Number of protein chains: 2
Amino acid sequence: MPHAAAATPQLLRRVNAQAVLRHIRGADVATGTELMALTGLTRASVIAVCEDLIGRGWIVEQDQPADPASPRKGRPARRFAFNRGAGFVLGLDIGAATTTAAVADLRGTVIGRSSGSFRAADIPAQERIGVVDLACCEALEAAGADPGRVLAVGAGIAAPVDRDGNVLVTQRFWSLFDVGLRSALKELHGWTVLLENDANLAALGERWRGSGVGVDDLVVLLAGERLGAGVMESGRLLHGRGGAAGEMGYLDMVEGVGSSDGIAALVRQWSAAGGGPSAGGPASAPRVFADAAAGDPAALAILDRISERMARVIASIASLINPEQVVIGGAVAESAGALLPGITALLPRFTATPPRVTVSPLGDAIVTAGAVRHALDYVEANALELALPARG
Amino acid sequence: MPHAAAATPQLLRRVNAQAVLRHIRGADVATGTELMALTGLTRASVIAVCEDLIGRGWIVEQDQPADPASPRKGRPARRFAFNRGAGFVLGLDIGAATTTAAVADLRGTVIGRSSGSFRAADIPAQERIGVVDLACCEALEAAGADPGRVLAVGAGIAAPVDRDGNVLVTQRFWSLFDVGLRSALKELHGWTVLLENDANLAALGERWRGSGVGVDDLVVLLAGERLGAGVMESGRLLHGRGGAAGEMGYLDMVEGVGSSDGIAALVRQWSAAGGGPSAGGPASAPRVFADAAAGDPAALAILDRISERMARVIASIASLINPEQVVIGGAVAESAGALLPGITALLPRFTATPPRVTVSPLGDAIVTAGAVRHALDYVEANALELALPARG
DNA sequence: GGTAATTTAGATACAAGCTAAATATATTGC
DNA sequence: GCAATATATTTAGCTTGTATCTAAATTACC
């Protein structure tokens, strides 16, 4: 049996340092007195902790601001600021056809971005990894960030990933890809890669900087090339046994209707109508919506039909998970706004606990935003264990 | 802003005492050396912690066993044992028609049980509370347990309860009942009542002492008077925004089929066929199963139909939550065994991640078992904050 | 411009809890 | 009875915390 780590005095420092760091991170700059109030520690302890954190590189002591704007009495306080440039994180959105990499500082501000496309669907894993690596390096270059200062990489893929960040072997394609990707980036740059399902990352992103800020029970529908849901309950991502929570590809059949009438079909239909990423047909989404606004019965019927399907899916989620809010994101999001009133109106007919329904404002960046957040979560949780590379 | 409790040296003792107590609870009796190995602490600390726990009444020092069966060399070790009689917990199953109370010691062994019925559906809350209180007192009497030594009361009701143990005001009937129940039991006996949804408690019970032991991603379908699901993900109960997670009453409509064909109808149909609690019609469940076994086409058709409905419900859960196992419990459980092969065979057609499906072995006690576990969880989590009443 | 008031910083004394190492105690085996 | 063995207890020292007192730096005021 493994040791249950004994609580030694050092644990106290770690706990208190985490608390202090969390507050400084949230407040941009903090004084000892503020930290005393926030943490409940004495001044002596707060100062000791801050000195510790300065030594580790996580915070820096700021000069006194020469601004007469805030003239306060008494001896000026030492000002401790979060060192947002102590390192960087990468957020990756690895799709079937393209990959996007985003570089962010430790506050999550994106300071570099780059995309790359895969030449074909059946290229060898080595080439795929090369495209991803190139996107990462280009994004770092654009940000002026040293690859050696990347503390973690969050990566979203369109496959189930369990809560330990592993892809099931049964997912043959992604499995091979992943094994190679993770070890390749580790060997090339020494990076730690944290894999997650793309819909789960979308949920993280939406709760962080989307329309679900502060919502603990949140579901994000990521509809585009495929349909997946990222489910957060009590502020935590749900994975299920094999990471397949929210994989609704098969819901079609469950609905008891022919699969040609199900969700996947809905997305296809929508896409064919110009709402999806591969738009271009004569019946474009804008035209359908315009026609509907003008009162065209055929266009209205299409919208009604789509709204009802969406409402049924959301109601099914509401009955099982009871989220406070459901966000529609992904490629279909830009067209989804017009459907909201219809969906919202239908929901009470299908569920006793209808959630608020919104459309994601994050657009294409929904997965990379979540990937950045995922990497930051890891860095923040392990801050005191991670050694910051010395400033070059 | 509230103080984030500062980590003081006392926290160490609390953490280590919890760890030691947890191990002693699991091992029945432990020596200092064993605890050193399990916790990673030094002997001095382990002994100090144990002395502390003895003083608080949670553990007792056992006499040396005069058994030559285990003749060991060296100085005999002090033997610390969990004081399972330091207090008691109550587990309540509060149904629409009846209430059952179970008394258990701190190991969860049920040592007393009693039930009571409500005279009618519309009796005043005061009378309802009286029935519940009487069942509690009778169960305690049967167990020979002093009501003053009850440390917590877990109570399951057939309504949504949020993760703080509160019933939504919109649930008018249960809301009134609960407010009265909680304060009444507090005033009468000083008990702390922990409310939970009955299906959620069924999940706790099933993971504790049912067919889901050790399963972290578990769903329990509680089918009887109504249909509800208790969902555990990563070993935690899911509540959702208002505690309505798993309330599948409305799934009928979502399935896109007439509600007369849905789940509630399934349960009604099953019940009418004698599978439910209100059995008694001429077409009893045993007869249907017997006929089916004899090859009767009509009976076989009924079973097939029910199996397919069950499979669709479970598949819907599998697609959204991806549990490792689904347990069928409640009044229909006794008849459900015969359906398992059919359900299991159908599942792969409806979901890519079919869970293992089993039938609960807990019978009527499924909710009280979970209620006891719920109360024990509370007691164990707050052991060092709870003052044990002095031995009478 | 000196002085009081105010606010923060730093230093000292002490308490809680843990480790480590030396010493004491109780039992078995010969 | 004595060695071997396993456990218990004691003592010194480390880390981290609190509490309290004194020092420093700035503003406000006369």
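Keep in mind that what you see is a predicted model, and the values were worked out from it rather than measured. We name chains A, B, ... by the order of the sequence lines, and we start the count at 1 in each one.
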Does CZ in A:R14 sit with more than 12 non-hydrogen atoms of other residues, nucleotides or ligands closer than 6.0 Å?
no

Tell me which of A:L11 and B:P76 sits closer to the 5' end of DNA chain D, going by the nucleotide each one is nearest to.
B:P76

Considering only heavy side-chain atoms of B:P9, the closest of C:dA9, D:dG17, D:dT7 is D:dG17

Take atom CG of B:L41 and atom P of C:dA20, then tell me their distance rounded to the nearest Å.
11 Å

Can you find a side-chain donor-acceptor pair between A:R43 and A:T33 that sits under 3.5 Å?
yes

So, does A:N16 get its side chain near the phosphate of D:dG17, meaning an N or O under 4.0 Å from OP1 or OP2?
yes

Options C:dA9, D:dT9, C:dG17, nucleotide nearest the side-chain atoms of B:I47:
D:dT9

Using atom CG of B:L384 as one end and atom C1' of C:dG17 as the other, report the distance to the nearest whole Å.
15 Å

Side-chain N or O of A:S45 closer than 4.0 Å to phosphate OP1/OP2 of D:dT18:
yes

Check: B:E61 and B:R78 side chains under 4.5 Å, non-hydrogen atoms
yes

Measure from the side-chain heavy atoms of B:Q10 and tell me the nearest of C:dT8, C:dA16, D:dA19.
C:dA16

Rounded to the nearest angstrom, tell me the gap between atom CG in B:L35 and atom P in D:dA6.
18 Å

Value in whole Å for how far the C1' atom of D:dA3 lies from NZ of B:K73:
11 Å

C:dA9, OP1 or OP2 - any side-chain N/O from A:R43 closer than 4.0 Å?
yes

Between C:dA26 and B:R78, is there an OP1 or OP2 to side-chain N/O distance shorter than 4.0 Å?
no

Which is true for A:T31 with a 4.0 Å heavy-atom rule: it touches a base, it touches only sugar-phosphate, or it touches nothing?
nothing

Can you tell me if B:R241 has over 12 outside heavy atoms packed within less than 6.0 Å of its CZ?
no

Rounded distance (Å) that lies between atom C1' of C:dT7 and atom CD of A:E34
13 Å

Please tell me whether B:H23 and B:Q18 have a donor and an acceptor in their side chains that are separated by less than 3.5 angstrom.
no

Rounded interatomic separation in angstrom, taking CD from B:Q62 and P from D:dT7
16 Å

Between A:R75 and A:R14, which residue's closest nucleotide on DNA chain D lies nearer the 5′ terminus?
A:R14

Phosphate-side-chain proximity, B:T8 and D:dG17, N/O vs OP1/OP2 below 4.0 Å:
no

Given atom CZ of B:R79 and atom P of C:dT27, what is their separation to the nearest angstrom?
14 Å

So, is A:R13 close to the D:dT15 phosphate, meaning a side-chain N or O under 4.0 Å from OP1 or OP2?
no

